Q: 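Take this structure first; my questions come after.
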Amino acid sequence: MQKTEKAYTPKIIEKEAQDYWEKNESFSVTEDPEKEKFFCLSMFPYPSGSAHMGHIRNYTIGDAISRFQRLLGKNVLQPMGWDAFGLPAENAAIKNKIKPSDWTIENIKNMKSQLQRMGYAYDWKRELATCDPQYYKWEQWFFLEMLKKGIAYQDEAEVNWDPVEKTVLANEQVEEGRGWRSGAKIEIKKLEQWFLKITEYAEEILKDTDNLEGWPERVRVMQKNWIGKSEGMEFSFLLENQKSPISVFTTRPDTIMGVTFLAIAGDHPIAGELNKLNKDINNFLKNLDKTKLSEADIVKQEKLGINTGLFAIHPFSKEKIPIWIANFVLSGYGSGALMGVPAHDQRDYEFAKKYNLQIKQVIERGSTNITEEEAILEKNILINSGEFDGLDFEQALEAIAKKAGELHCGEKQTNYRLRDWGVSRQRYWGAPIPILKNSKGEIKEAENIPVLLPTDIEFSGVKSPLSEMKEFTQVTYKNETFVRETDTFDTFFESSWYYARFASFDCDKAMLDERAKYWLPVDQYVGGIEHAVLHLLYSRFFYRCLRDLGLVEGSEPFKNLLCQGMVLKDGSKMSKSKGNTIDPNNVIEAYGADSLRLFVLFAAPPEQSFEWSEQGLQGASRFLKRLWKLVQLHISKGIVKDHIYEDLNPKVKSLRGKTHRTILKVKDDYIRRHSFNTAIAAIMELTNTIPKEFLSKEATDEERASADEAIRSILIMLSPIVPHITHILWRNLGNTQAIIDEPWPDVMEDLLIEEIIELAVQVNGKLRTTLKVDRNLAKKDIEELVRNDTKMINHLKNKKVKKIIHVEGRLVNFVL
RNA sequence: GCGGAUGUGGUGGAAUUGGUAGACACGCUAGAUUUAGGUUCUAGUGCCGAAAGGUGUGGGGGUUCGAGUCCCUUCAUCCGCACCA
């Protein structure tokens with residue numbers, strides 16, 4: 001066996017390449033008005049301790065895109081940071097008796113070194129951690145701006161209260177209605193909390209969703225559903241013997257004459273009053289509360305109700321309509337009350353059947369295939385509706401809205417499922433909400449920002465330590481005493497604007513400066529689908545608020561969004577609890593970062609989930625070894641560069657054609673399709689195409705030069721995917737400029753066309769044979785060739801050819 | 001229930017605009033080299049068939065000279081939302 005002088009040693013060369021990038025600050029960028037900017041961002045991680053395969057996949061995709069854009073000559077910003085606040089730090093603090101801040105800092109250190117070992121092209125000088133006062137100072141400032149504008153406000157909201165630990169629990173700490181540690185039954189408690197008026201932007205955000213062409217369709221659909229716009233009317237029903245009316249929202253105002261009952265939620269004010277007076281209702285509501293705790297099976301529960309004995313007056317017919325309390329009325333949607341139209345709503349129908357309520361049909365039956373047991377849901381002509389008879393939906397809507405207006409009993413209304421965003425968390429490890437209350441209970445801005453989160457604390461886990469710390473809560477300022485807010489922000493608050501801060505990372509005068517206008521919006525955002533709604537919606541909301549403050553331009557923070565699929569093992573997502581994780585560290589140790597990067601990009605298209613495969617990883621590693629050997633062999637035969645091609649050696653022409661067609665295809669795969677797997681396949685194919693004899697001593701200069709051209713192209717094209725090996729091989733080829741500073745290879749148009757093409761020959765659409773012909777061969781010459789082809793003679797014997805279809809450069813089809 | 005997506009060899013996947021299905025890999029088979037073994041190299045590999053040929057993209061139907069791709073229908077799997085009035 002022939003021994004190669006230099007073997008492929010990932011451990012050594014990867015370190016070498018990384019040292020080069022660090023020493024030369026290769027990925028440190030500044031604003032350059034001369035160059036087109038490209039801001040590529042991967043969702044920053046929660047520093048949980050160590051990076052998992054999901055992170056590796058996410059960040060490898062982002063890095064490949066960044067490095068490719070750089071080859072195209074753009075000014076590429078790719079930063080990284082840490083979503084450093086959050087519950088796990090508190091849990092770890094309790095478990096390991098370590099301060100949340102120390103735990104977090106340690107984890108960041110760990111994960112950072114992992115990401116560095118992967119060779120990601122981050123501009124580390126912009127690194128940020130959301131638990132850094134220099135970071136959260138500006139979100140406290142931002143919050144106070146929103147307070148001034150009336151976007152932030154206080155209201156009561158329900159929280160999960162653990163009566164044993166005397167603390168508020170997050171939803172994920174409540175398991176089947178019980179506290180995760182105490183096991184105590186969780187109580188729903190109302191607390192004063194801070195909200196942001198995202199609903200004020202709901203319409204704008206919804207409208208703009210359709211224009212997000214660079215976003216996956218499913219994410220747009222999810223966001224639209226989440227906002228949940230529905231148009232209809234609000235009617236108010238006066239109550240017999242009562243002062244305040246009940247208002248109800250409906251999307252089917254055309255069925256107003258079919259109302260036979262009203263239903264209200266258990267916590268509707270009227271239900272609350274009756275609760276005190278009526279024993280049966282009191283019992284009913286008690287039972288409702290019980291079921292409310294087990295959130296999981298609210299869905300399939302039986303429709304239950306109780307008659308209140310009260311009556312409402314139909315606004316048009318003036319008929320008396322019974323009012324029921326029903327468990328299927330949602331308190332949080334609309335006004336917590338609805339008009340029951342059993343004939344035209346399936347739930348109302350079931351409810352009416354169960355409790356023997358009147359069913360009054362007011363819409364004509366259209367299709368006949370509706371059974372007796374179903375409500376008629378379709379929109380059609382109105383009947384049994386007095387003056388509105390004969391109208392269709394649109395006409396009825398107008399007429400009914402007009403009449404309701406005249407009678408002051410209703411108007412057109414738009415409802416959203418989206419509710420204002422509650423940002424208060426009764427937790428320790430988060431950014432303090434910068435608010436003070438004076439002795440009269442009046443709300444004041446904090447005396448100074450940042451309001452620092454004390455990190456020198458004893459953390460027991462029972463209660464947030466903040467409320468216990470007098471030195472934190474008691475403030476004297478300008479001779480007045482105040483009590484400080486002890487709630488902290490929802491961690492989504494930090495992640496809703498971090499992308500912008502990367503642009504102005506070191507600005508200590510403002511939240512953002514002019515640099516934000518240069519870099520934003522993010523040109524390519526890469527992250528998991530699990531953030532399809534909350535994080536991405538909140539970010540779109542914040543970006544508009546930042547816009548309204550004049551800090552950024554445009555309305556959308558993320559121009560293009562790529563949601564990568566999961567990495568599976570044994571058919572399910574890798575997770576610690578399942579014990580099916582693969583530690584990236586072990587993979588890097590055994591195969592090197594390049595093999596890992598190549599494998600995760602080659603295994604599947606980025607949006608798709610893929611199954612971890614040790615053999616696939618080995619395959620990637622094998623290819624890199626082959627590439628290494630190929631380039632070393634090429635170098636050993638002496639490099640012929642800048643050759644002027646004269647001869648028309650068809651093998652040389654063919655290789656050069658292949659090279660240039662591959663350059664074209666790979667660029668398209670990168671830029672338009674983000675289809676790294678096919679790009680890699682095309683590069684492998686080109687690698688396999690280089691004839692052996694071109695790498696031998698006997699090869700002509702022309703052959704050597706065409707091999708050199710192919711190899712150089714391969715290295716540049718692969719460099720975004722496997723940056724270390726390509727960096728070293730590029731240098732081994734004798735280049736003085738680093739491969740990251742090379743431009744994307746030019747495509748020579750006239751080499752793209754193949755002179756000899758393989759033509760498919762079909763009979764009645766079935767492939768019978770193929771022919772190698774000159775590209776420009778005339779149709780009739782092709783036909784002649786086909787008729788004389790030995791294989792075709794049998795197929796055409798004694799048959800009449802009806803028609804011959806030519807598809808230029810592809811096939812010829814004889815129709816018999 | 002509503003909405004979205006996906007179904008292609010033994011496996012991951014490719015086929016971008018209706019034009020040679022299975023690129024590129026993995027695995028497997030045979031051979032060579034080396035070795036204790038991994039490694040490396042060569043050839044083959046959708047299925048049936050000795051071959052000619054037939055057949056094949058979840059199932060059924062349709063449009064077309066030609067369908068993995070378009071239309072209808074049906075099944076399966078996955079994801080999201082879920083009593084939203």
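Being a predicted model, the structure only gives us computed values, none of them experimental. Here is the naming used below: chain letters follow the sequence lines, and residue numbers restart at 1 for every chain.
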Q: Consider the side chain of F249(A), meaning its heavy atoms from C-beta on, and name the nucleotide among C24(B), A85(B), U16(B) that approaches it most closely.
A: A85(B)
Q: Between C26(B), A85(B), G19(B), which nucleotide has the shortest distance from any of its atoms to the side chain of L338(A)?
A: A85(B)
Q: Would you please confirm or rule out a distance under 4.0 Å between OP1 or OP2 of C65(B) and any side-chain N or O of K766(A)?
A: no
Q: Could you give the CD-to-P distance, from E808(A) to U17(B), as a whole number of Å?
A: 20 Å
Q: Within 45° of the axis and under 6.0 Å from the centre of the six-membered ring of Y8(A), does NZ or CZ of K625(A) qualify?
A: no
Q: How many whole angstroms separate atom CZ of R626(A) from atom C1' of U40(B)?
A: 11 Å
Q: The side chain of T678(A) lies closest to which of these nucleotides: U40(B), A14(B), G27(B)?
A: A14(B)
Q: Indicate, with yes or no, if the rings of F284(A) and W324(A) have centres closer together than 6.0 Å.
A: no
Q: Whom does A21(B) pair with, Watson-Crick or G-U wobble, provided both distances fall under 3.5 Å?
A: none
Q: With ring pair (Phe, Tyr, Trp, His ring centres under 6.0 Å) as the test, would you mind laying out the steps for F599(A) and F623(A) before giving the verdict?
A: CA-CA 10 Å; F599(A) 171 62; F623(A) 171 73; over 10 Å; no
Q: At under 4.0 Å, does any side-chain N or O of N688(A) touch on OP1 or OP2 of A25(B)?
A: yes
Q: Which part of the nucleic acid, if any, lies within reach of R419(A) when heavy atoms closer than 4.0 Å are counted: base, sugar-phosphate only, or nothing?
A: nothing
Q: Rounded to whole angstrom, note down the C1' distance from C78(B) over to U45(B).
A: 32 Å
Q: From the set G53(B), G19(B), C65(B), return the single nucleotide nearest to any side-chain atom of K803(A).
A: C65(B)
Q: Any donor-acceptor pair under 3.5 Å linking the side chain of S539(A) with the backbone of L536(A)?
A: no
Q: Would you say the ring centroid of Y333(A) lies under 6.0 angstrom from that of Y416(A)?
A: no
Q: Does R673(A) have a side-chain nitrogen or oxygen under 4.0 Å from the phosphate oxygens OP1 or OP2 of A14(B)?
A: no
Q: Side chain of R417(A) only, please: which of A14(B), U20(B), A82(B) is the nearest?
A: A82(B)
Q: Need the glycosidic conformation of G9(B): syn if within 90° of 0, anti if not. Which one?
A: syn
Q: How many whole angstroms separate atom CZ of R220(A) from atom P of C79(B)?
A: 23 Å
Q: Ignoring the backbone of H795(A), work out which of G27(B), G53(B), A85(B) is nearest its side chain.
A: G53(B)
Q: Could you work out which one of A15(B), A25(B), C65(B) sits closest to the side chain of V815(A)?
A: C65(B)
Q: Confirm from the modelled atom types if K802(A) and C65(B) form a donor-acceptor pair under 3.5 Å, side chain to base only.
A: no
Q: Using the C1' atoms only, state how far A50(B) lies from G60(B), rounded to an integer number of Å.
A: 35 Å
Q: Roughly how far apart, to the nearest Å, are A52(B) and U16(B) at atom C1'?
A: 37 Å
Q: Please give the nucleotide sitting opposite C2(B) as a Watson-Crick or G-U wobble pair, both distances under 3.5 Å, or none.
A: G80(B)
Q: When both hydrogen-bonding distances must be under 3.5 Å and the geometry is Watson-Crick or G-U wobble, what is A32(B) paired with, if anything?
A: U40(B)
Q: In chain order, what residues pass the side chain to side chain donor-acceptor pair (under 3.5 Å) check against K360(A), with sequence neighbours excluded?
A: none
Q: Below 3.5 Å, does any donor atom in the side chain of R810(A) face an acceptor in the base of U20(B), or the other way round?
A: no
Q: How about F261(A) and F351(A): are their ring centroids closer than 6.0 Å?
A: yes
Q: Using the P atom as the reference point in each nucleotide, state the distance between U20(B) and G66(B) in Å, no decimals.
A: 15 Å
Q: Specify the separation, in whole Å, of atom NZ of K799(A) and atom P of C65(B).
A: 19 Å
Q: Base, sugar-phosphate or nothing for R622(A)? Non-hydrogen atoms, less than 4.0 Å.
A: sugar-phosphate
Q: How far does the C1' atom of U40(B) sit from the matching atom of U35(B), given to the nearest Å?
A: 12 Å
Q: Expressed as a whole number of angstroms, how long is the span from I680(A):CD1 to A25(B):C1'?
A: 11 Å
Q: Pair F814(A), Q762(A) - check side-chain contact (heavy atoms from CB on, under 4.5 Å), show working.
A: CA-CA 6 Å; F814(A) 278 61; Q762(A) 298 182 334; over 6 Å; no
Q: With rounding to the closest Å, how many angstrom separate the P atoms on G31(B) and A23(B)?
A: 25 Å
Q: What is the nucleic acid contact for V329(A), judged by heavy atoms within less than 4.0 Å: base, sugar-phosphate only, or nothing?
A: base
Q: Expressed in angstrom and rounded to an integer, what is the separation of K692(A) atom NZ from A43(B) atom P?
A: 8 Å
Q: Pick the nucleotide of RNA chain B nearest each of M339(A) and I805(A); which residue has the one closer to the 5' end?
A: I805(A)
Q: Check R252(A) with D254(A), please: is the shortest side-chain N to carboxylate O separation under 4.0 Å?
A: yes
Q: Using purine N1 to pyrimidine N3 plus N6-O4 or O6-N4 for Watson-Crick, or N1-O2 and O6-N3 for G-U wobble, both under 3.5 Å, which nucleotide pairs with A67(B)?
A: none
Q: Hey, does S230(A) reach any base, or is it just sugar-phosphate, or nothing, if we go heavy atoms under 4.0 Å?
A: sugar-phosphate
Q: Work out how far the C1' atom of U74(B) is from that of G19(B), and round it to whole angstrom.
A: 29 Å
Q: Tell me which nucleotide, if any, is Watson-Crick or G-U wobble paired with G46(B) when both distances must be under 3.5 Å.
A: U55(B)
Q: Just checking D348(A): base, sugar-phosphate only, or nothing, at a heavy-atom cut-off of under 4.0 Å?
A: nothing
Q: Rounding to the closest angstrom, what is the interatomic distance between U42(B) and C24(B) at atom P?
A: 14 Å
Q: With nearest nucleotide decided by heavy atoms, which residue, K665(A) or G332(A), maps closer to the 5′ end of RNA chain B?
A: K665(A)
Q: Regarding S230(A) and N415(A), do their side chains bring together a donor and an acceptor under 3.5 Å, going by distance alone?
A: no
Q: Given G19(B), A85(B), G53(B), which nucleotide is nearest the side-chain atoms of R768(A)?
A: G53(B)
Q: Tell me the interatomic distance from L767(A), atom CG, to G22(B), atom C1', rounded to whole angstroms.
A: 14 Å
Q: Any strand is fair game: report the nucleotide pairing with A15(B) by Watson-Crick or G-U wobble, both distances under 3.5 Å, or none.
A: none
Q: Return a single string for nucleotides 4-13 of chain B, one symbol per nucleotide in 5' to 3' order, where B is base contact, S is sugar-phosphate-only contact and - is none, cutoff 4.0 angstrom on heavy atoms.
A: S-------BS
Q: How about T662(A) and T659(A): does a side-chain donor come under 3.5 Å of a side-chain acceptor?
A: no
Q: Just the rounded figure in Å: distance from C1' of G66(B) to CG of N764(A).
A: 10 Å
